[in-house]
Amino acid sequence: MNRRQSWNIILLFVILIFGFTLATLLTPERERSEAENRELARHPEITLQSLLSGEFEKDYEDYLTDQFVLRDGWIGLKTAAERLTQKRESKDIYFAEDDYLIEKHTGAFTSAQAETNVQLLAAFLEQYQDQFENGITVMIVPNAVSVLRDKLPPFASPYDERIYLADIEWAVPESLWFDANEILQSHRDEEIYYRTDHHWTTLGAFYVYQAWAAAKGLHIPSEDEYEIETVTEEFEGTVQSKLGIRTKKDSIRLYLPHEDIFYTVETDGQEKKYSVYDYSKLNTKDKYGVFFGGNYALTKITTKADNGRRILLLKDSYANCFAPFLLGEYEEIDLLDIRYYNQKISELIEKGGYTDLLVLYNAAGFAEDVSLSKLAF
């Protein structure tokens with residue numbers, strides 16, 4: 001190779017590096033990734049404190065990663081290349097059997113935050129244990145990586161979520177724990193988790209609801225009591241989006257009771273609606289948002305049950321497909337997502353007149369949720 005060729009290669013390398021960086025800086029910032037259903041990092045503000053602490057460098061790296069020009073295409077190309085080399089995982093996600101993409105949740109359960117959240121929940125429940133006439137249930141739902149271990153690649157060794165779930169069971173007051181893992185394990189050969197998303201399916205939620213209703217002395221529904229409607233077969237969830245590849249798509253099914261149930265839904269004080277389903281979300285990337293339209297701080301459902309039962313559902317998005325099964329059993333169902341709630345929870349409980357409390361999270365979501373500190377207020 002002569003000297004001129006060497007300089008041409010160096011020049012091409014410089015153009016690629018600085019060209020893409022310049023293109024990234026000149027391209028308008030995106031506020032949100034619809035594919036990944038999350039907010040993207042924005043250009044950080046430069047201050048003397050952030051420069052000295054190193055915070056600016058970290059935030060700027062996150063900014064470049066999120067705003068890099070043609071980012072989604074590069075992610076997909078990288079994943080495709082990894083699959084061609086027979087890699088069994090990418091970006092902390094397993095390529096599992098039957099076209100499942102299963103998150104590992106590495107480090108989620110062994111962090112200081114995970115331990116703190118157990119303590120915060122235990123203290124909260126001890127404080128309010130006598131507040132609810134019909135009792136409290138703690139339902140922390142294991143993730144697909146725990147229940148669908150048989151589908152994982154050979155020699156995969158993710159953290160055993162049962163250890164963390166046992167820690168929570170031991171920490172909370174006696175008799176409040178509900179074992180969702182046992183029910184899901186008994187149905188692990190069915191489609192109880194989405195292939196491309198981190199949520200459980202409506203079928204998985206239904207099986208757990210049946211068992212929970214039996215434990216609570218409520219009516220135990222059968223599938224015959226519902227019209228099971230497939231509202232889309234084009235669902236590509238957030239796990240698939242992290243990899244930027246196209247795989248087998250998921251179906252979303254709704255369980256619509258044959259018997260009419262009259263109720264109203266009020267979300268964050270907005271105009272009342274008459275359905276827990278937002279069908280417009282089926283035309284977007286976030287098709288799981290068909291349940292309630294997504295996540296909100298406080299959603300109030302008022303029914304005509306007239307039985308004096310009022311339940312507070314302390315939740316993450318796993319509860320969104322579970323909550324519709326409560327219709328007809330409670331005259332009021334309040335869904336509280338403390339990630340977005342900025343008022344005192346103690347005041348909400350004091351004024352709510354609730355008879356029941358259900359804490360429903362997915363295991364990784366609970367372990368990683370920094371907002372659980374709000375339980376103390």
Side-chain angles (χ1 to χ4, degrees), residues 96-98 100 102-103 105 109 121 125 134-152 158-195 197-226 228 250-255 257 288 291 311 313-330 333 335 356-367:
E97 291 182 7
D98 299 330
Y100 277 88
I102 299 179
E103 289 184 293
H105 303 291
F109 304 102
L121 177 63
L125 296 175
N134 296 332
I136 299 172
T137 305
V138 177
M139 185 190 298
I140 308 298
V141 181
N143 301 102
V145 71
S146 179
V147 178
L148 305 183
R149 292 183 77 94
D150 291 346
K151 296 185 183 298
L152 299 182
Y159 175 85
D160 189 346
E161 290 185 14
R162 292 173 297 178
I163 298 172
Y164 187 65
L165 296 178
D167 288 343
I168 303 174
E169 181 182 4
W170 181 85
V172 303
E174 189 176 359
S175 78
L176 304 190
W177 179 255
F178 181 85
D179 189 0
N181 180 65
E182 182 179 358
I183 294 98
L184 293 172
Q185 288 286 352
S186 67
H187 293 282
R188 63 181 178 273
D189 293 329
E190 302 175 59
E191 293 189 4
I192 55 175
Y193 292 93
Y194 293 111
R195 285 177 168 81
D197 195 65
H198 69 285
H199 291 101
W200 58 353
T201 64
T202 322
L203 178 62
F206 177 70
Y207 284 140
V208 173
Y209 176 78
Q210 284 182 311
W212 179 76
K216 293 289 290 182
L218 303 174
H219 170 68
I220 307 169
S222 68
E223 286 193 328
D224 294 338
E225 296 176 39
Y226 299 90
I228 303 175
D250 282 306
S251 297
I252 296 179
R253 296 179 176 89
L254 308 183
Y255 280 52
Y288 186 79
F291 300 102
I311 187 169
L313 183 49
L314 182 61
K315 46 79 73 178
D316 68 4
S317 57
Y318 259 54
N320 292 4
C321 66
F322 180 96
F325 295 119
L326 299 170
L327 297 171
E329 294 295 337
Y330 293 88
I333 305 160
L335 280 59
D356 299 68
L357 171 65
L358 171 60
V359 180
L360 199 169
Y361 277 77
N362 81 86
F366 176 83

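In this text, all values refer to a predicted model and were calculated from it rather than measured experimentally.
- Rounded to the nearest 0.5 angstrom, L121 CG and Y361 OH are separated by 8.5 Å.
- Counting heavy atoms from C-beta outward, F322 and K315 have side chains that stay 4.5 Å or more apart.
- In terms of modelled atom types and a separation under 3.5 Å, the side chain of N362 and the main chain of D316 share no donor-acceptor contact.
- Relative orientation of the Y194 and Y288 rings is perpendicular, given thresholds of 30° and 60° on the angle between their planes.
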Using the salt bridge (charged side-chain N to carboxylate O under 4.0 Å, His left out) rule, take D98 and K151 through it: C-alpha gap first, then chi angles, then the decisive distance, then the call. CA-CA 8 Å; D98 299 330; K151 296 185 183 298; 2.6 Å; yes
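- Considering all non-hydrogen atoms of both residues, A367 and Y164 come closest at CA-OH, 3.6 Å.
- The closest side-chain heavy-atom distance from L184 to Y193 is below 4.5 Å.
- Every residue two or more places apart in sequence or in another chain was checked for a salt bridge (charged side-chain N to carboxylate O under 4.0 Å, His left out) with D224, and none qualifies.
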side-chain contact (heavy atoms from CB on, under 4.5 Å) for F325 and T202? Distances and angles first, verdict last. CA-CA 10 Å; F325 295 119; T202 322; 4.0 Å; yes
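- For the pair S317 and H199, the tightest heavy-atom approach, listed with the atom from each and the gap, is OG-NE2, 2.7 Å.
- Looking at every heavy atom in both residues, N181 comes nearest to V147 through OD1-CG2, 4.1 Å.
- Between Y159 and H105, every side-chain heavy-atom pair lies at or beyond the 4.5 Å cut-off.
- E103 pairs by the side-chain hydrogen bond (donor to acceptor under 3.5 Å, both in side chains) definition with K242, not counting sequence neighbours.
- Taking CG from L357 and CD1 from I136, the interatomic distance works out to 5.0 Å, rounded to the nearest 0.5 Å.
- Shown here for Q210 and I220, the closest heavy-atom pair between the two residues is O-CG2, 3.9 Å.
- Heavy atoms only, all atoms of each residue included: P221 and F206 are closest at O-CZ, 3.7 Å.
- At a threshold of 4.5 Å between non-hydrogen side-chain atoms, the residues C321 and W200 count as touching.
- Taking CG of D189 as the start and CG of D150 as the end, the distance is 7.5 Å to the nearest 0.5 Å.
- Using a 4.5 Å cut-off on side-chain heavy atoms (C-beta onward), V138 and L125 make contact.
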Output, in order, the C-alpha distance, side-chain angles, deciding distance and verdict of side-chain contact (heavy atoms from CB on, under 4.5 Å) for F291 and I252. CA-CA 10 Å; F291 300 102; I252 296 179; 4.1 Å; yes
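- In this structure, CH2 in W212 is found 6.0 Å from OG1 in T137, a value given to the nearest 0.5 Å.
- Interatomic distance, CG of L358 versus CG of L313, reported as 5.0 Å (0.5 Å rounding).
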Dump the intermediate steps for side-chain contact (heavy atoms from CB on, under 4.5 Å) on W177 and I140, then the final yes or no. CA-CA 9 Å; W177 179 255; I140 308 298; 3.8 Å; yes
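- In this structure, N143 and A364 approach most closely via the heavy-atom pair OD1-N, 3.0 Å.
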Going through the distances and angles, do Y318 and L360 end up as a side-chain contact (heavy atoms from CB on, under 4.5 Å)? CA-CA 7 Å; Y318 259 54; L360 199 169; 4.0 Å; yes
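- With a 4.5 Å cut-off on side-chain heavy atoms, L218 and L326 do not count as touching.
- The side-chain heavy atoms of Y100 and V145, taken from C-beta on, include no pair separated by under 4.5 Å.
- The line from OG1 of T201 to CD of E190 is 9.0 Å long, rounded to the nearest 0.5 Å.
- Between Q185 and E182, every side-chain heavy-atom pair lies at or beyond the 4.5 Å cut-off.
- For E223, the CD atom is densely surrounded, since the number of other residues' heavy atoms within 6.0 Å is greater than 12.
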